[in-house]
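Labels below follow one simple rule: chain letters A, B, ... track the order of the sequence lines, proteins then strands, and each chain is numbered from 1. Basis for what follows: all heavy atoms, side chains included, without hydrogens, waters or symmetry-related copies.
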Amino acid sequence: MAAASEGESQELLLRQWERRQVELKQQMIDHDTEDWQNNEVFEGLERIGGMDLSYIKGDEVNACASLVVLSYPDLKVVYEECQMVCLNAPYIPGFLAFRETPFLEEAVRRLQDKDPSLLPQVIFADGNGILHHREFGVACHLGVLTDLPCIGVAKNLLHVDGLEEKDLLKEKVKDLQKGGNAFSLTGSSGKVLGMALKSCEKSTKPIYVSVGHRISLDTALRLTHSCCKYRVPEPIRQADIRSREYIREKVHIP
DNA sequence: GCGACAG
DNA sequence: ATCTTGTCGC
């Protein structure tokens, strides 16, 4: 038998990944499960995690994964870890999780072993939750695999079937007057997959919030807004800053 | 058919 | 994601 062509094995891999997403999706919980999620000021919430991967210009293999934990409501960094990792999956829209999640999960595990008392009560992931082709983005993967509440926040919109065309979207974005204003993003099934949020007064461009695991969209949106000193929620922003700083020192030595 | 497409 | 400084404005 002839070996499968690159294109054929690529297709097989994607089908396999799709099945994995459908399988994991059965374990996802799309509503609030924690006490702190039920009151206006999130009383009982003390630690929020933020995760991110930073890449290197022409390097397809090396990257830096970071996990930070911030205090709430102060939003001060109380834990930080950066780790160089070797990427083994390409970036394909709809399959970001297979590229990044393994390292994010490992980072959470290391913290679990190192100091369980610092484990975050909710994690912000850089990317989408159910605002996704199969309603199972990177924030869902991370949430289910760690069984921690997880919120997906994307800085750019992933085009999912059913979301309105560019023009209508642009108009809705213009209508976002004040920080905290938002509008829902509905999929072809009619289900609300996420919200576009004007995260702070200054920003023109919204961020896209969606449920990852163990949290409702309403709670996710409120918490996200309360974590925004700037456009990007502080947990993700700090993780981002620290991982790229780590690379700048590790790689810019020559 | 072509373009678009989280990071 | 990444390549990149200054600059206009509150």
| field | Annotated protein contacts, base or backbone, on nucleotides 3-10 of chain C with a non-hydrogen cut-off under 4.0 Å, one of B, S, - each | value | S-------
| query | Do side-chain atoms of A:E201 reach the backbone of A:G179 as a donor and acceptor pair under 3.5 angstrom? | reply | yes
| query | Between A:R110 and A:E81, is there a salt bridge with N-O shorter than 4.0 Å? | reply | yes
| task | Could you tell me whether the side chains of A:S117 and A:D115 share a donor-acceptor contact shorter than 3.5 Å? | result | yes
| request: Look at the side chain of A:D52 and the backbone N and O of A:S66, then say whether any donor-acceptor pair between them is shorter than 3.5 Å. | output: no
Tabulate below the donor-acceptor pairs under 3.5 Å that side-chain atoms of residues 229-237 of chain A make, not counting sequence neighbours, or state none.
unit_1 : atom_1 : unit_2 : atom_2 : d
A:R231 : NH1    : A:K205 : O      : 3.4
A:R231 : NH1    : A:P206 : O      : 2.9
A:E234 : OE1    : A:R237 : NH1    : 3.2
A:E234 : OE2    : A:R237 : NH1    : 2.7
A:E234 : OE2    : A:Q238 : NE2    : 2.8

| A:K191 (side chain) donor-acceptor with A:T186 (main chain) under 3.5 angstrom | no
| message | Once pairs are restricted to Watson-Crick or G-U wobble with both distances under 3.5 Å, how does DNA chain C read as a dot-bracket string, [ ] for crossings and | for other-strand pairs? | response | ..........
| message | Main chain of A:S71, side chain of A:R47: is a donor-acceptor contact present, judged purely on distance under 3.5 Å? | response | no
| task | Grab the two heavy atoms, one from A:L45 and one from A:L223, that are nearest each other, plus how far apart they are. | result | CD2-CD1, 3.7 Å
| Linking I/L/V/M/F/W/Y whenever any side-chain heavy atoms sit under 4.5 Å apart, do A:L87 and A:Y246 land together? | no
| Per-nucleotide pairing state of DNA chain B [Watson-Crick or G-U, under 3.5 Å; [ ] pseudoknot-crossing; | other strand] | .......
| message | Under the criterion side-chain contact (heavy atoms from CB on, under 4.5 Å), I'd like the reasoning laid out for A:H213 against A:L148: C-alpha separation, chi angles, the key distance, then a yes or no. | response | CA-CA 7 Å; A:H213 186 54; A:L148 289 171; over 6 Å; no
| task | Check the angle between the aromatic planes of A:F98 and A:W17 and answer parallel, tilted or perpendicular using the 30° and 60° thresholds. | result | parallel
| request: Using the rule that two of Ile, Leu, Val, Met, Phe, Trp, Tyr join whenever any of their side-chain heavy atoms come within less than 4.5 Å, decide whether A:F183 and A:Y208 are in one cluster. | output: yes
| message | Whether A:E23 and A:R20 form a salt bridge (side-chain N of Lys/Arg under 4.0 Å from carboxylate O of Asp/Glu) is what I want to check. | response | yes
| task | Inspect the contact between A:D113 and A:R109 and indicate whether a charged nitrogen and a carboxylate oxygen are less than 4.0 angstrom apart. | result | no
| said: Counting primed atoms plus P, OP1 and OP2 as sugar-phosphate and everything else as base, spell out the protein contacts along nucleotides 1-7 of chain B at 4.0 Å heavy-atom distance: B, S or - for each nucleotide, 5' to 3'. | reply: ----SBB
| Neighbours of DNA chain B within residues 179-196 of chain A, by heavy-atom distance under 4.0 Å | none
| Do A:R214 and A:D147 sit within salt-bridge range, that is, some charged N less than 4.0 Å from a carboxylate O? | yes
